[in-house]
There are 2 protein chains.
Amino acid sequence: MNKDQHTSEGKEVDWTGFLPGIAIDCVMVGYNEKQLKVLILEYKETGFFALPGGFIRRNENLDVAAQRVLQKRTGLEGIQLNQFHTFGSLNRYAPEPMRKIMKKNGLQPAEDHFLLQRFVSTAYYALVNFEQAEPIADFLSDSCRWYDINQLPKLLWDHRDIIQKALESLRKNIDDAAVGLTLLDEEYTMRELRTLYETILDKEINRSSFHRKMVNSGRLERVGKKSTGKAHRSPYLYKFVSN
Amino acid sequence: MNKDQHTSEGKEVDWTGFLPGIAIDCVMVGYNEKQLKVLILEYKETGFFALPGGFIRRNENLDVAAQRVLQKRTGLEGIQLNQFHTFGSLNRYAPEPMRKIMKKNGLQPAEDHFLLQRFVSTAYYALVNFEQAEPIADFLSDSCRWYDINQLPKLLWDHRDIIQKALESLRKNIDDAAVGLTLLDEEYTMRELRTLYETILDKEINRSSFHRKMVNSGRLERVGKKSTGKAHRSPYLYKFVSN
DNA sequence: ACAAAAGTGTTCTCGGTACACCCATGC
DNA sequence: GCATGGGTGTACCGAGAACACTTTTGT
């Protein structure tokens with residue numbers, strides 16, 4: 001881990017170390033109690049909410065910068081990030097909220113301050129384990145928390161659209177994404193996996209064909225049985241095989 | 001059309017009017033004689049080849065900037081552009097060729113000249129009609145020509161990768177893209193449409209199932225017959241219905 | 001009449017859907 | 001033993017593949 005990552009979390013950030021006008025936004029998706037969750041930052045004393053984001057160092061790959069943002073907000077490393085769109089509409093440019101945020105943090109930004117530029121933002125989504133992630137706030141924000149994707153607070157700028165597009169992208173790639181691998185515990189029942197699919201796709205899935213499809217995919221391994229304590233046959237447990 | 005579009009083609013460009021560090025690259029795909037073509041620029045007296053690209057005005061949407069680039073190089077308006085990826089790897093940063101290009105054009109760029117920065121580039125592809133497009137060179141290049149996608153010259157930077165990714169994206173979206181609508185003439189035979197699909201996907205397609213799939217899609221209208229002059233049944237002509 | 005290429009029908013196969021029945025488990 | 005819910009088998013349906021047959025056209 002870089003030593004200066006800590007200093008960049010302080011209030012005195014050397015913005016010249018970053019590419020101007022280009023940002024990264026990350027839609028980090030979790031899953032808990034049959035609901036999709038998204039990590040959202042709340043800025044100090046403003047009631048403003050936004051996606052976690054960051055900037056690209058002058059000597060850093062775009063993808064690596066995204067990894068860094070993800071690692072900073074979740075403490076997790078090596079999570080697969082999926083770039084899905086770059087947002088560059090003019091109506092993203094609304095610096096007032098950011099000015100207010102900075103003032104609440106005791107800063108008096110110049111009109112041309114780094115954070116008050118127009119930004120084009122490349123967006124990524126990542127599937128992260130709800131249990132393992134430890135949401136960590138920004139230096140401008142006082143919380144980084146999971147929100148149900150259906151009960152998001154009002155978000156700044158176009159971040160609502162970004163989440164919507166991330167969800168569409170996830171749905172399109174669900175079969176490649178090995179969603180169970182990262183969103184569920186290591187071992188899970190077929191019912192749990194199907195419920196996850198149903199939650200993401202927001203539609204019911206046929207039980208037996210889903211079962212067969214998953215078994216035939218060759219990516220699942222049956223590892224044992226789960227005693228549910230319920231009055232019925234105990235389901236098998238599965239886990240993903242890397243192969 | 002903006003009047004200053006002409007001046008921006010001259011040698012004295014006001015680079016401060018553009019967002020720094022962000023570029024747009026366009027993979028314009030055409031089709032002729034059973035081959036996919038891509039528009040490629042050749043820079044003056046350097047033997048350097050690259051994709052047509054451009055930059056984003058300070059007061060311009062990203063998508064609109066891409067439209068502008070496309071319009072500049074083909075003369076066509078209203079073509080659908082598909083954003084497919086943003087390239088931000090560090091090994092894109094190789095300013096030497098651009099320095100050489102500028103020198104060949106009689107410019108003596110400062111080390112920190114706009115064009116010599118590191119760029120992150122958002123890439124689009126567009127399907128354009130080979131006949132209707134009129135390739136127009138850049139102010140730094142002396143030609144803008146169609147190249148067979150399988151016989152591309154050696155390209156600068158990562159432009160080869162960009163084309164590859166554009167092709168993958170096109171293949172994935174081929175059924176939505178209404179490729180026949182833009183890549184073929186207005187009316188065409190089923191054979192011609194299938195050959196186009198086969199060219200894009202680089203694999204043979206079953207004749208009868210392709211026929212039925214297209215007819216059943218409801219997006220084709222049979223408009224007449226074509227007399228081929230050959231010794232066989234003359235095929236029907238089809239065209240896309242908008243609906 | 002024949003060859004060539006397009007249109008069209010039949011059959012097969014593969015997944016997904018629907019539905020049934022079998023199994024295990026706690027009450 | 002009965003209700004509950006997961007596992008699994010069978011029948012059906014639709015799309016694509018393979019193949020054959022029909023239609024049209026110029027020679």
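Here is how names work: the chains are called A, B, and so on, in the same order as the sequence lines, proteins then strands, and each is numbered from 1. The shown structure was predicted, so the numbers you read here are calculated from the model rather than taken from an experiment.
Between the CG atom of Leu193(A) and the C1' atom of dG7(D) there is a distance of 15 Å, rounded to whole Å. Regarding Leu237(B), its CG atom lies at a distance of 12 Å from the C1' atom of dA6(C), rounded to whole Å. At whole-Å resolution of the value, CG in Leu220(A) and C1' in dG7(D) are 15 Å apart. Atom CZ in Arg207(B) sits about 13 Å away from atom P in dG9(C), given to the nearest Å. Note: OH (Tyr236(B)) to C1' (dT25(D)) measures 13 Å, nearest angstrom.
Under the 30°/60° scheme for interplanar angles, the aromatic rings of Phe84(B) and Tyr125(B) are found to be tilted.
With dA18(D), dG7(C), dT17(C) as the candidates, the nucleotide lying closest to the side chain of Asn206(B) is dA18(D). Proximity note for Lys213(A) (side chain, C-beta onward) versus dG9(C), dG7(D), dG16(C): the nearest is dG16(C). When each of dA20(C), dT17(C), dA18(D) is scored by its nearest atom to the side-chain atoms of Arg212(A), the top-ranked nucleotide is dT17(C). Relative to the side chain of Arg233(A), the nucleotides dA24(C), dG9(D), dT24(D) differ in distance, and dA24(C) lies closest.
Within the structure, a side-chain polar atom (N or O) of Ser209(A) is placed less than 4.0 Å from OP1 or OP2 of dT17(C). Between His211(A) and the phosphate of dG6(D), there is no side-chain N or O to OP1/OP2 separation shorter than 4.0 Å.
Both Ser234(A) and Asn216(A) lie close to DNA chain C; mapped to their nearest nucleotides by heavy-atom distance, the more 5′-ward contact belongs to Asn216(A). Nearest-nucleotide positions on DNA chain C for Lys203(A) and Arg191(B) put Arg191(B) closer to the 5' end.
Counting only heavy atoms from C-beta outward, the side chains of Cys144(B) and Arg73(B) approach each other to under 4.5 Å. Contact annotation: the side chain of Phe49(A) never approaches that of Leu156(A) to less than 4.5 Å [non-hydrogen atoms, C-beta and beyond].
In this structure, the ring of Phe119(B) has its center less than 6.0 angstrom from the ring center of Phe55(B).
Within the 4.0 angstrom heavy-atom criterion, no nucleotide atom of any strand lies near Arg194(B). Looking at heavy-atom distances under 4.0 Å, Ser208(A) makes contact with a base. At the heavy-atom level, Phe210(A) lies nowhere under 4.0 Å from the strands shown.
Cation-pi contact between Arg145(B) and Tyr147(B): present, with separation from the ring centre below 6.0 Å and deviation from the ring axis of at most 45°.
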